[in-house]
Every structure is written in C-alpha cells, then in structure tokens.
Participant: 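Starting off with a structure, shown below.
Remember, predicted model here, so these are calculated numbers, not experimental data. Labels below follow one simple rule: chain letters A, B, ... track the order of the sequence lines, proteins then strands, and each chain is numbered from 1.
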2 protein chains.
Amino acid sequence: MQGKGERKIVSSKDVARLAGCSQSTVSRVLNRPESVHPDKRERVLQAIEALQYKPNMAARSLVAKQTYTIALISGTLRNDFFAESTDRIVEYARKQGYRTIVYFESEGSLGDILAQVRSYKVDGILISCMKLEDPHYEAFATCGIPCIWFNRRHKRGGNYISMDNITAASMLTRHLLDLGHRSIAYLSGHRDISTLDERWTGFEAAMQDAGVPIAEDQVHFLDPEDSAIQKLTWKLMQRLTPPTALVCGHDELAIVCMDALLSMGLRIPEDVSVAGFDDIRMSGHQAIQLTSVGQHRFDMGEVAAEQLIALMHAEAGKEQSVIQFRCKPELFVRKSTGPVRTEQEKARNGRI
Amino acid sequence: MQGKGERKIVSSKDVARLAGCSQSTVSRVLNRPESVHPDKRERVLQAIEALQYKPNMAARSLVAKQTYTIALISGTLRNDFFAESTDRIVEYARKQGYRTIVYFESEGSLGDILAQVRSYKVDGILISCMKLEDPHYEAFATCGIPCIWFNRRHKRGGNYISMDNITAASMLTRHLLDLGHRSIAYLSGHRDISTLDERWTGFEAAMQDAGVPIAEDQVHFLDPEDSAIQKLTWKLMQRLTPPTALVCGHDELAIVCMDALLSMGLRIPEDVSVAGFDDIRMSGHQAIQLTSVGQHRFDMGEVAAEQLIALMHAEAGKEQSVIQFRCKPELFVRKSTGPVRTEQEKARNGRI
DNA sequence: CTGAAAGCGCTTACAG
DNA sequence: CTGAAAGCGCTTACAG
C-alpha cells in the first residue's frame, strides 16, 4: 500500500551488477577514481547515474576514515552571534565539500554530544560554547578527532580562535571614560565563560588605569534571561543615583537592556549610554545603533572552519602545531553612547 | 604518540564479554529491556556503566528501524523566524528523547538533502522551506519516512502546518485601511513560496474589498537581500508621491526596510507606516515596535514537531490521516503604524 | 528468556 | 587494475 515508499534502496552491489564489475571497484571509483581503469570507471559512473545511486553514509562511516562531515557544537540560537556564525560555518564548509552537523549546547551535556559525534565519526569538531573550566575538555582534546574551539576558550588552551576580549573591553571602557562617564554599571552573564571573564577583566583594568572606582552594586553577573535582565535594568535605573552608562557583556544582552530602558521612558544616550560586545547584525540597525566592539570582516566562525579543515588535512601528515588565534577587536561607535549630560553630572554632583 | 586518542571504541561485544552474556542480550537490554531477565539486565547495565559504553549510532542506523533522530530542513538563519523555530524544535525534540539533525536549505538542493537523510535513516522529517512547486515534493512524500511541512506549504498539500496567511494579510491590510491609508506599497520576496503567495493574495483581496486600487508600481517582489531591499525602499520613498504605508512580506524584510527609512531621515509612523508578518522577537522591541501579524503563543515549529512525533508512532499502526493545520493569525498593533497625517493627505490631494 | 548466525552497505587489505 | 573475503558495530528473526 505504501507504493514507492517501499522501494529498496539502491546499493553499490546494484551498481556493480549493472556495470558488470565488483563492489570493490564501485567503491574505488567513489574514493580513488584514478586507481580504476578509465573505461571501467566510465561504466561505473554511468551505472551510478542510471540508478541514481547515493552511497549510504551510515555504512560508510562505519568503516571509512573520512566522512566529509564536521560537527559544530554551537551556543543557543537565541543569541544572534551564534545564529550568524552557524550560518557562515555551514555555508563555508559546504563550499569546501563538507557537510556540517549542528549540535546545540542545550541538547544535553557536552559528554553526550561527544559520544554522538564519535559514533558518527565526523572528521572534525568546532566548538563555540565550552565553559572555561568544562570537565569535558580533556575528552574532546584526546578523542583523536581534530577539534577547534572558537569564540570561547577553555582554560587549558588547545586550538582556539577567539577575540582579544581584554583589549576589546578596554577599548569600550576607554570610549565611555573619554565621554566623561564615571558611574558605569556592568551587566553580564556569568564569568564561567572565557569571553565574559576576559571582558570583565578588561573593564576592570581600564577603570583602574583611569583611577575610577567601581562601585560593587554597579556590577552584576546574572543568568542572561530576558526577564532577569529587564528587572535588573529597572532596579539599577530607579536608584537615586543611577549609572550614566551601561556596559553589557554581549550585544544580545545589551539589546534586551535597551528594551527595558526605553520602556522606562529613558532616552539613549541622553539619559544613559549603552555599549556591548560582538557587533551582531542588529547592532548596526538605525533604530538600535548600539556601540559595540567586535571583529568585523573577520568572521571568527569562518576562520575557525578554515583552520579546522586545514588541520584535518594536516592530521594525515606530520606533527601538529597548536592553532591559537586572537582576533583584533574593532570599536564601532554608534549613537547609543554619548557624553555625560550636564544634568546628569549636576544631579550627581549635587548629591555627592 | 596520540595517547588516549587511539583507544579502541567500546563495542557491545565488550559489554557482553564483561557481563557474561551474548551481544544479542546487550542489544535487547538497550532496545526492549523488559524482554530480558531482571538479573541479567542488571549485570548488563552495570557493564555498560563500567565501560562507559555508548552504542554506535552509525551501525545502529544501518540496521535498525528506529534511530530516534529527526531531520529538520530549515530556511536560512538569517531570517530570525527560522532561528526561533529551529531553537524551539531542537529543544522540544530533545525533551521527547529525539535528537535533531538540522539541514539548511543553502546546503544544496533538497534532493541531495533527502539522499543524506535517507542514508542516515531518520525517523521523521520536518521541512520549513519548500517552495510551492518544488519538484522534490514527491520524493519526500513517497520516501517512506513520515514528513511534515511547516510554515511553507507545497501546492500538492500533504501534511502541513502553516499560518492562515490569507486571513493574516487581510487583517493587516484592513488595519492600515482603517488608519486611512490609501497609498500602500507592497514589498515581498518572490511568490514561489506559499506564505508569500498567500499574503499577497490576502492583501489584494482586502484592497479590492475596500475598493482601493493597487498601483502597479507600488508592488515589488524581489530577492530578499539587504541591499536590494534598501535600494527599493529609497526608490519608493523618493517619488513625488511616496506611499503612506509599506506592507512587507515578512518581518525580517520589514526590519531592513525600516533601517533604510530611518537612514533617509524619515520618521515611522509619522512619515510612513510599516507592517510585517511573523511577529519575530525583534518586532516587539521598544526600538522597533513593528506592527505584525503572527501566531503568538502557538509556535508552529513546536506544533509541527509534536505532530511529527505522533505521526511516527502512529506509522506503526493503522492507516494515516492527513495532518493539516492552519494556525489562526493574531494582529499585534505596535507603533510602526499610525494614521495618515494631514500633511501626507494634503500633499497627495493637492497633486491629484 | 537467551544465543548463534546472518546481514545492513560499505571499505580495505590481500592476492592476483 | 581488479575481485573475493573479511569486517566495521549493531539488530533481528530463528531456534531453542
């Protein structure tokens, strides 16, 4: 009753029969065509075409060295940074003849993901979402599959590509200090992630360099959920002496924060300046105009994919060199940051 | 020199040896535990734990009926609608014990994707990006794997879940007409996609009902690329009699459009109203406030995943019933749309 | 309830 | 350059 649905899958045996050769030869035509006599090769190719034969990847992975598949383990798509990098990586890999299996960190522990990845025998792994001290680092590093960490580093190092987040944070903080801000609040996800840890470090250093004290109640590391961010923003801005600028650990968070500020009737940057990290696409939108520091025209994801593929090919040959890239950050000054206004200053001074 | 990297993968044979039973029994413990004697089952489970055994999925798919894997073939993540639905689907499927392999339409023709999906033997397929007349429809419909189309339909029907886009477009158009707009431009991606085709149909019908003519030069179906959208927006708004409102085929496009309008120095909605479809997350942002029609609190992707899993289970049993859902659209009126202003009206009337 | 055997579709030494 | 054979790790009738 199922009709065509029941049709048998064409196997390399069928191709061999039609081409009048052995299954081994069909396999060779697919994997090392130059090792097969041209005439025979041609006949096999014709049989493949005639039968619309597609090799069964599951069977192939069971036995082969190469799968032409890379695994991408990505942070949540709710952060546009990951949506953008996933998009770029999949596209880049495809052009190089690789397919990408995307896993999301929400899909379970990295341990489970590694188990899956191993059983499917991918050729390489790209990880954008490992925590600074994740215990699974070792398992990945020694699993025998080339791995590259990008965006977030692990404390053990390994092959990674990330932005120089310390410098990035210093640049951003410097920018706010130059605009006259002295009361700067800091909102971020937790520091168990290298990017956020480094950004905080850079912020702290820049403030210290400038001799500007950081009030403890201006600094918040929180679960990056919309409602928590909004509540915190309200709380901060309703103080008697609200901060004149907000540094957010990443743009996605900054944009939620802006939403909260606008809903309070505050103007950006007249009442408060806002700045973030990553320079996601939306930050450049005319209605958002978020000042941000990121690595423009140097997509980390794509670079990571490029390096991974190089590593996969090198693997065959000589010894490995460790790949460690630090992308230089670039500051994009937009309208969300502006000079401290006289009223703000006056209000503050009046109270001090 | 590779150390642990070279360690042999633990197989079910190893587990069997340790537990003192056959490989078949190990397999049964994994697949139909109730068919194994409790004592023996316990010993196998312990061996699995001790060896940290993880079944090899590639081998399993080669032979098994079930893979606990579903394939999602999604539109580009550059459209936030797809990022949101992918996120939800992966999460929902995971909770139901299924993993999701995500393919993006950019990864090649749907034919190639189907070949891959078939060779990995997924249990079900979710497709959000098929064109109205895509020739691969048949291949999917008859491949023997349960499929559900969501968001976009194929003209042949099949199992689908989509918004009632005709009604959605009528509601949106009605809203603009009620605000007094008579010169409404329509910007959309090409109509080879059911959602866009239906939205246009609904718009046309609502305009006709209201007796408002649609000027041909106000209607544009274009490649939804940022630069093309911007150029078109500029062209439209620089006319002697620019439209007073813009209907965009989807929110992502509308947001790019707003970017262009703002960069021209136009105010929304004072100078021009903008409206879209999908109600993506950003549309609700205070800085965007895009009036949109979508299916709130009724995530299509999640419903599709739910229906697919039900279908996969039903498959085993009796005959199939076709699944066809039309989600009711909801109109979210926000600040991007407002009444035609007197100056606009006057300007237009003066010229007529 | 359990095991031995066959087989899923492929690739890779091993002989020729 | 080519084929027969073994095997990747699993599951599923088939006997017991």
Participant: The side chain of Thr25(B) lies closest to which of these nucleotides: dT12(C), dG3(C), dT2(D)?
Facilitator: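 Nearest to the side-chain atoms of Thr25(B), counting from C-beta on, is dG3(C).
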Participant: Give the dot-bracket line for DNA chain C from 5' end to 3' end: parentheses for intra-strand Watson-Crick or G-U pairs under 3.5 Å, square brackets for crossings, | for inter-strand pairing, dots for unpaired.
Facilitator: |||.||||||||.|||
Participant: Before accepting this row, confirm whether a basic side-chain N of the pair Arg94(B)/Glu91(B) lies closer than 4.0 Å to the acidic partner's carboxylate O.
Facilitator: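 Between Glu91(B) and Arg94(B) there is a salt bridge, with a charged N closer than 4.0 Å to a carboxylate O.
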Participant: Which nucleotide in the list dT2(C), dC10(D), dG9(C) gets nearest to the side chain of Val36(B)?
Facilitator: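 Shortest atom-to-atom distance from the side chain points to dT2(C).
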Participant: Name the closest nucleotide to the Pro55(A) side chain, picking from dT2(D), dC10(C), dG9(C).
Facilitator: dC10(C)
Participant: Contact class for Ser24(A) (heavy atom, under 4.0 Å): base, sugar-phosphate, or nothing?
Facilitator: base
Participant: So if I take every side-chain heavy atom of Val63(B) and compare against dA4(C), dC1(C), dG7(C), which nucleotide ends up nearest?
Facilitator: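 For the Val63(B) side chain, the nearest candidate turns out to be dG7(C).
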Participant: Using the side-chain heavy atoms of Arg60(A), tell me which of these nucleotides is nearest: dC10(D), dC10(C), dC1(D).
Facilitator: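 Nearest nucleotide to the side chain: dC10(C).
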Participant: To the nearest Å, how far apart are Asn31(B) CG and dG9(D) P?
Facilitator: 18 Å
Participant: Name the closest nucleotide to the Gln23(B) side chain, picking from dT2(C), dC10(C), dC10(D).
Facilitator: dC10(D)
Participant: Please pick, from dG9(C), dA13(C), dC10(D), the nucleotide with the shortest atom-to-atom distance to any side-chain atom of Arg28(A).
Facilitator: dA13(C)
Participant: Please state whether the rings of Tyr137(B) and Trp149(B) are parallel, tilted or perpendicular, taking 30° and 60° as the class boundaries.
Facilitator: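 Aromatic pair Tyr137(B)/Trp149(B) classed tilted.
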Participant: Give the nucleotide from the list dC1(D), dC8(D), dG3(D) with an atom nearest to the side chain of His37(A).
Facilitator: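 Nearest listed nucleotide: dC1(D).
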